[in-house]
There are 2 protein chains.
Amino acid sequence: MTAQRDELNAVSDTADQRVVPGTERTIPEATVARLAIYLRALTGLAERGIGTVSSDSLATAAGVNSAKLRKDLSHLGSYGVRGVGYDVALLTDQIRSTLGLNENRAVALIGLGHLGQALAGYAGFASRGFRISALIDADPAMVGDRLRGLIIQHVDALEQVVRSENIAIAVIAVPVNAAQDVCDRLVAAGVTSILNFAPTVLNVPSHVDVRKVDLAAELQILSFHDNRKGARQDFAPASVARVGAVGSRLTTTDSMVAAT
Amino acid sequence: MTAQRDELNAVSDTADQRVVPGTERTIPEATVARLAIYLRALTGLAERGIGTVSSDSLATAAGVNSAKLRKDLSHLGSYGVRGVGYDVALLTDQIRSTLGLNENRAVALIGLGHLGQALAGYAGFASRGFRISALIDADPAMVGDRLRGLIIQHVDALEQVVRSENIAIAVIAVPVNAAQDVCDRLVAAGVTSILNFAPTVLNVPSHVDVRKVDLAAELQILSFHDNRKGARQDFAPASVARVGAVGSRLTTTDSMVAAT
DNA sequence: TCGATTTTGTGAATGCCTTCACAAGGGCGT
DNA sequence: ACGCCCTTGTGAAGGCATTCACAAAATCGA
């Protein structure tokens, strides 16, 4: 899955990438997912005035091991300096560029229930490369209201809004039974990337990427492991940390559905 | 510093398959993550009165291919009937049991900002095996208020609440700079599974599981793929003029400030 | 009873990711 | 200049996960 065989990707802006002919730098999906984490860690370092960082400490800050970090960075042809480490500012630029975050990306948010409103107000979007540029809901009572500086539009105007703002990324936070319909309309209007919070599988054509966040599923996965723990070492209240076999798992939301 | 529990798993890694008496099997992590999806799909089928389902149609409903589904189910020793399919009710039970969802699990929710309040009201938790049994926030103005039938408690009482309700699973929805502290206290109070919405890496001892949901990271991953698509040729559907050039440099340069 | 048909369960093959381990490169002190 | 030490970058190895493909059930109709 994960369709998208990528070919040429010009757009190298900051540092010149050695664009070796025939070397289509294909970056593993798992690596891409971690780049976002590295970026976050780098931002933290920069704020603390740290200008250079070793793979070891960056890896620790990002919660991975250093071999993995180095392998990941090697995929984007990054420039570390042996014996020294990585330049924080340079690496930040490299990753931002790789992720396509160099100018803020316009995002549409559909559905302004509790979750939608929380997302609308989430500062992390703005600070990390995204600008919510359209708020859409189906409730007539909400339409016209102003939220975070934007006017809420009716879902009837969805296509028009998406087209006029040239939006490629949308966030779906509508009730589960409306999700597929909204999705279809977004896709028809030209959206190519969707972040889905509705607990349902969305059907999309193969050129559209869908990522999902299923909150209850996350808890269920935790529940599974918790269940196991309870069964294995019979209890042991928070006193001693049995550091034996299983390491703590640190996992991310997964799933990249690329459609049929 | 910042010890990383990942440790070099020099110790037996594959050898920790301690099969406890009973039906303990080892289930791949990737499979566990999908079980939650299957469960959701099964619930949908049951609601439509469907009593039996083939691996093929269940797979379609869950957005995976049927071979993967069957392999997954084989790990939990499920009983499908050859030539017929799976009994929806039976399979539902099997998965619920595997995930440890047989009785509702108590969950504590820490942080009642916009996101926290949205989570508190999320019906999907209750309907899928979880009961939020404690709401905690640091804002004195909120403490004592009633939200969704629960009284908001002050974070000072965190340990006491967690212990008295015997809570093993917690959801962290506090600002990023408070997250590690809250995490430490939860762990000390006996919590063994954490779902983290704060955009930071949490440090925990090895017996604790952390899953994280990083909303901005999800968008960034989409951004990466979208970037790749745009760089290719436009295969613009119908009329939509997907601006070929990535140009349009408005350079909003709003730097990065820590989210919260 | 038997053969046709359907669909599961699973070894085997393949491919992706992670981890290992070390040579190559670069700075720094003397 | 010259070693010494540090850290990167990366082949190679090893583990998981996915997919393939087919034999083994199980039902049904005649």
Side-chain angles (χ1 to χ4, degrees), chain A residues 1-5 17-18 20 23 25-35 37-38 51-60 62-88 90-91 94 246-247 249-252 254-258 260, chain B residues 4 6-17 25-35 37-38 51-60 62-88 90-91 94:
Chain A
M1 15 186 20
T2 312
Q4 278 32 111
R5 209 64 310 208
Q17 312 290 82
R18 39 177 174 69
V20 182
T23 308
R25 287 181 299 128
T26 172
I27 300 183
E29 190 56 31
T31 293
V32 172
R34 282 187 298 263
L35 288 181
I37 311 300
Y38 302 153
T52 296
V53 67
S54 70
S55 67
D56 216 46
S57 34
L58 180 53
T60 299
V64 303
N65 71 43
S66 64
K68 194 187 288 187
L69 173 78
R70 288 200 302 279
K71 182 71 92 178
D72 283 344
L73 295 186
S74 77
H75 287 300
L76 44 112
S78 89
Y79 282 67
V81 181
R82 294 178 193 228
V84 176
Y86 299 88
D87 181 87
V88 171
L90 177 62
L91 186 53
Q94 291 243 8
V246 185
R249 292 164 229 277
L250 191 46
T251 24
T252 310
D254 59 298
S255 65
M256 164 74 144
V257 185
T260 49
Chain B
Q4 187 54 36
D6 203 83
E7 298 303 28
L8 304 185
N9 47 346
V11 199
S12 66
D13 183 321
T14 54
D16 67 11
Q17 325 276 32
R25 293 162 202 271
T26 168
I27 299 183
E29 192 56 30
T31 294
V32 173
R34 283 187 296 264
L35 288 180
I37 310 300
Y38 302 152
T52 296
V53 66
S54 70
S55 66
D56 215 46
S57 35
L58 180 54
T60 299
V64 302
N65 71 43
S66 63
K68 193 187 288 187
L69 173 79
R70 288 200 301 279
K71 182 71 92 179
D72 283 343
L73 295 187
S74 77
H75 287 300
L76 44 113
S78 91
Y79 281 63
V81 180
R82 296 181 191 222
V84 176
Y86 298 89
D87 181 87
V88 171
L90 177 62
L91 186 52
Q94 291 242 10

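Below, chains carry the letters A, B, ... as their sequence lines are ordered, and counting in each starts from 1. The shown structure was predicted, so the numbers you read here are calculated from the model rather than taken from an experiment.
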Report the distance from atom [atom1] of [X] to atom [atom2] of [N], rounded to the nearest whole Å.
X       : N      : atom1 : atom2 : answer
B:Asp72 : D:dC16 : CG    : P     : 16 Å
A:Leu69 : D:dT7  : CG    : C1'   : 12 Å
B:Lys68 : D:dA17 : NZ    : C1'   : 8 Å
B:Leu73 : D:dT18 : CG    : C1'   : 15 Å
B:His75 : C:dG11 : NE2   : P     : 11 Å
A:Asp56 : D:dT8  : CG    : C1'   : 12 Å
A:Asp87 : D:dT7  : CG    : P     : 16 Å
A:Leu35 : C:dC17 : CG    : C1'   : 15 Å

Looking at [X], I'd like to know whether one of its side-chain N or O atoms comes within less than 4.0 Å of OP1 or OP2 on [N].
X       : N      : result
B:Tyr86 : C:dG9  : yes
B:Asn65 : D:dT19 : yes
A:Ser55 : D:dT8  : yes

Where the side chain of B:Val81 is concerned, which of C:dT18, C:dT10, D:dA26 is the nearest nucleotide?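 Of C:dT18, C:dT10, D:dA26, D:dA26 is nearest to the side chain of B:Val81.
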Given C:dC17, C:dT19, D:dT18, identify the nucleotide with an atom nearest to the side chain of A:Lys71.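 Of C:dC17, C:dT19, D:dT18, C:dT19 is nearest to the side chain of A:Lys71.
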Using heavy atoms to find the nearest nucleotide of DNA chain C for B:Ala67 and A:Ala67 separately, return the residue whose nucleotide is more 5′.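 Its nearest nucleotide lies further toward 5', so the answer is B:Ala67.
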Most 5' of B:Arg70 and A:Gly83 on DNA chain C, judged by nearest nucleotide: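 By nearest-heavy-atom nucleotide position, the 5'-most residue is B:Arg70.
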For the side chain of B:Arg82 and the base of C:dT8, is some donor closer than 3.5 Å to an acceptor across the two?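 Such a pair exists between side chain and base.
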With rounding to the nearest 0.5 angstrom, report the CG to OG1 distance, B:Leu90 to B:Thr52.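 B:Leu90 CG to B:Thr52 OG1: 10.0 Å, rounded to 0.5 Å.
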Euclidean distance, A:Leu35 CG relative to A:Thr31 OG1, rounded to 0.5 Å: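 The distance works out to 6.5 Å.
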